[in-house]
Amino acid sequence: MKKISILGCGWLGLPLAKKLIAEGNFVKGSTTSENKLSILESFKINPFLVTLESESVSETINDFLAESDILIIDIPPKLRGNNPDTEKKVFVEKITNLIPFIEKSSVKKVLFVSSTSVYGNENGLITEKTNPNPDTESGKQLVLAEAVLQNNSAFNTTVIRFGGLIGEDRQPVKHLSGKENLENPDAPVNLIHQNDCIGVILEIINQSKWNEIFNAVAPFHPTREVYYTQKALDLNLKLPKFSSEKSNIKKVLSSEKVETVLNYKFQLQNY
């Protein structure tokens with residue numbers, strides 16, 4: 001039995017915690033909402049109210065990390081606003097403030113949930129050896145946060161960079177349905193289903209693949225027009241209409257390392 005703390009029991013962290021518990025692990029989970037504590041407890045997750053700020057961390061952080069072997073950090077940068085000056089480096093500062101608490105805890109392994117947005121608009125086949133080149137503030141923050149964790153010798157960090165997240169309750173075509181003149185019709189999609197996110201994380205933990213970087217994206221890349229048109233048909237939604245203007249975006253995220261190093265098989269039928 002492993003003892004695991006999950007910082008951020010949201011869209012991915014909560015079902016991940018439930019799966020880890022089903023496999024016989026002891027799991028602590030954090031939330032920033034007091035109302036959610038009872039929900040976590042109902043799933044046999046040991047609940048903690050933890051808030052990370054750019055200048056401080058909740059006093060509960062010590063108990064949250066105590067006796068755990070593994071820390072999973074799954075909190076988004078949330079930097080989509082139009083105020084980059086006030087938000088700049090906030091996420092990195094939050095992660096930096098967390099470091100001393102990890103160092104003095106029992107945690108020796110950290111899994112950091114990142115995003116393929118760190119590669120920006122690079123074209124061609126993208127692998128883990130491709131240098132990050134983020135073009136958004138959140139992407140820049142994620143690259144810096146990855147480095148803060150990976151450069152610390154007190155614990156071993158694996159970074160997992162997920163592609164576009166989809167699931168039963170999260171399908172982007174619902175936002176595109178009925179819209180017209182959508183850009184980049186021939187750009188390939190780079191997506192991953194929630195089930196596969198959880199599956200890849202479990203393999204990393206079970207196989208002890210630490211001090212690694214993994215790009216986790218399903219190995220199928222139809223064009224945006226083909227994929228979202230078919231999904232609209234599947235869900236009986238109004239079809240999205242794409243621009244006839246071709247794009248020069250040909251970014252394809254390779255899943256080869258996940259498939260070979262972890263020997264992971266993607267659940268393509270769920271897409």
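Source: prediction; values computed, not measured.
Annotation: ring-ring contact (aromatic ring centres under 6.0 Å, His included) contacts of F162 (sequence neighbours excluded): none. S247 is linked by a side chain to side chain contact (heavy atoms under 4.5 Å, CB included) to N184, D186, A187, I249, counting only residues two or more places apart in sequence or in another chain. V107 meets the side chain to side chain contact (heavy atoms under 4.5 Å, CB included) test with L65, S68, L71, I102, S105, V110; sequence neighbours excluded. Remark: S56 pairs with E53 by the side chain to side chain contact (heavy atoms under 4.5 Å, CB included) rule, at least two apart or across chains. Remark: E67 engages K3 in a salt bridge (Lys or Arg N to Asp or Glu O under 4.0 Å) (not counting sequence neighbours). The salt bridge (Lys or Arg N to Asp or Glu O under 4.0 Å) search around E146 returns R161, not counting sequence neighbours. With sequence neighbours excluded, no residue forms a side chain to side chain donor-acceptor pair (under 3.5 Å) with W210. For Y264, the ring-ring contact (aromatic ring centres under 6.0 Å, His included) partners two or more places apart in sequence, or in a different chain, are F266. With sequence neighbours left out, F220 forms a ring-ring contact (aromatic ring centres under 6.0 Å, His included) with Y271. When the side chain to side chain contact (heavy atoms under 4.5 Å, CB included) test is applied to T136, the partners found at least two apart in sequence or on another chain are S138. Every salt bridge (Lys or Arg N to Asp or Glu O under 4.0 Å) that E212 has, sequence neighbours left out, goes to K257.
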Side-chain donor-acceptor distances from residues 33-40 under 3.5 Å, at least two apart:
{"residue": "S33", "atom": "OG", "partner": "N35", "partner atom": "N", "Å": "3.4"}
{"residue": "K36", "atom": "NZ", "partner": "C9", "partner atom": "O", "Å": "2.3"}

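Atoms CD1 and OG1, on I213 and T158 in that order, are 9.0 Å from each other to the nearest 0.5 Å. Rounding to the nearest 0.5 Å gives a distance of 13.5 Å between NZ of K231 and CG of L239. Within the model, atoms CD of E59 and CG of L49 stand 12.0 Å from one another, a figure rounded to the nearest 0.5 Å. If you take CD on Q194 and CD1 on I166, they are separated by 10.5 Å, rounding to the nearest 0.5 Å. In this structure, the separation between NZ on K129 and CG on N215 is 12.5 Å, given to the nearest 0.5 Å. To the nearest 0.5 Å, atom OG of residue S208 and atom CD of residue E203 are 11.5 Å apart.
When side chains are defined from C-beta on, C197 counts as touching L165, because their heavy atoms get closer than 4.5 Å. Counting heavy atoms from C-beta outward, V27 and K18 have side chains that stay 4.5 Å or more apart. Put simply, the side chain of F214 reaches to within 4.5 Å of the side chain of V261, judged on heavy atoms. In this structure, K174 and L237 have side chains that are in contact, with non-hydrogen atoms separated by less than 4.5 Å. Within the 4.5 Å cutoff, the side chain of L7 has heavy atoms near those of the I75 side chain. For the pair L98/I73, a side-chain contact is recorded, criterion being any heavy-atom separation below 4.5 Å from C-beta on. At least one side-chain heavy atom of F155 sits under 4.5 Å from a side-chain heavy atom of I99. In this structure the side chain of P134 reaches within 4.5 angstrom of the side chain of K140, judged on heavy atoms.
Residues I45 and G29 approach most closely at CG2-N, 3.4 Å, considering heavy atoms. The shortest non-hydrogen separation linking E259 to P219 is OE2-CG, 3.7 Å. For K209 against L262, the heavy-atom pair with the smallest separation is CG-CD2, 3.6 Å. Residues N190 and L253 share a closest heavy-atom pair of OD1-N, 2.8 Å. The minimum heavy-atom distance between L52 and K94, with the atom names listed, is O-CE, 3.4 Å. Nearest heavy-atom pair across N195 and Q267 is CB-OE1, 3.6 Å.
Side chain of S115 to main chain of S117: a donor-acceptor pair is present (N/O by atom type, distance under 3.5 Å, no hydrogens or angles). Under a 3.5 Å cut-off, the side chain of S177 and the backbone N or O of K238 do form a donor-acceptor pair. One N or O on the side chain of H221 and one on the backbone of V189 form a donor-acceptor pair closer than 3.5 Å. Checked by atom type and distance alone, the side chain of S254 never pairs as donor or acceptor with a backbone atom of I126 at under 3.5 Å. A donor-acceptor pair is defined here as one N or O able to donate and one able to accept, closer than 3.5 Å; such a pair exists between the side chain of K28 and the backbone of A66. Judged by distance alone, with hydrogens and angles left aside, the side-chain atoms of S255 form no donor-acceptor pair with the main-chain N or O of V258 at under 3.5 Å. Side chain of Q141 to main chain of P77: no donor-acceptor pair is present (N/O by atom type, distance under 3.5 Å, no hydrogens or angles).
Y119 and V252 are assigned to two separate hydrophobic clusters, defined by single-linkage of ILVMFWY side chains at heavy-atom distances under 4.5 Å. L233 and L182 fall into different hydrophobic clusters, where Ile, Leu, Val, Met, Phe, Trp and Tyr residues are linked whenever their side-chain heavy atoms come under 4.5 Å apart, directly or through other members. Residues I21 and I70 share a single hydrophobic cluster, defined by chaining ILVMFWY side chains whose heavy atoms lie under 4.5 Å apart. Hydrophobic clustering of Ile, Leu, Val, Met, Phe, Trp and Tyr side chains at less than 4.5 Å, counting indirect connections, unites V200 with I198. Linking Ile, Leu, Val, Met, Phe, Trp and Tyr whenever their side-chain heavy atoms come within less than 4.5 Å leaves L125 and L191 in two separate clusters.
Between the side chains of N181 and K179, no donor-acceptor pair of N or O atoms lies under 3.5 Å. For the residue pair D234/Q230, the side-chain donor-acceptor check at 3.5 Å is satisfied.
Dense packing is recorded around CD of E23, with more than 12 heavy atoms of other residues, nucleotides or ligands lying under 6.0 Å away. Around CG of D169, the count of heavy atoms belonging to other residues, nucleotides or ligands within 6.0 Å exceeds 12.
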Step by step, would you call K44 with F26 a side chain to side chain contact (heavy atoms under 4.5 Å, CB included)? CA-CA 9 Å; K44 300 181 180 177; F26 177 80; over 6 Å; no
Would N131 and E122 count as a side chain to side chain contact (heavy atoms under 4.5 Å, CB included) if you check the C-alpha gap in whole Å, the side-chain angles of each, and the deciding distance to 0.1 Å? CA-CA 10 Å; N131 289 327; E122 291 288 320; over 6 Å; no
With side chain to side chain contact (heavy atoms under 4.5 Å, CB included) as the criterion, how do I201 and I160 come out once you've worked through the C-alpha distance, each side chain's angles and the decisive distance to 0.1 Å? CA-CA 8 Å; I201 289 173; I160 182 165; 4.2 Å; yes
Evaluation steps, side-chain hydrogen bond (donor to acceptor under 3.5 Å, both in side chains), between N263 and K265: CA-CA 7 Å; N263 195 29; K265 302 288 188 292; 3.2 Å; yes
Side chain to side chain contact (heavy atoms under 4.5 Å, CB included) for L20 and I6? Distances and angles first, verdict last. CA-CA 10 Å; L20 285 166; I6 301 178; 3.9 Å; yes
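Below 30°, between 30° and 60°, or above 60°: for F48 and F64 the angle between ring planes is above 60°, a perpendicular geometry.
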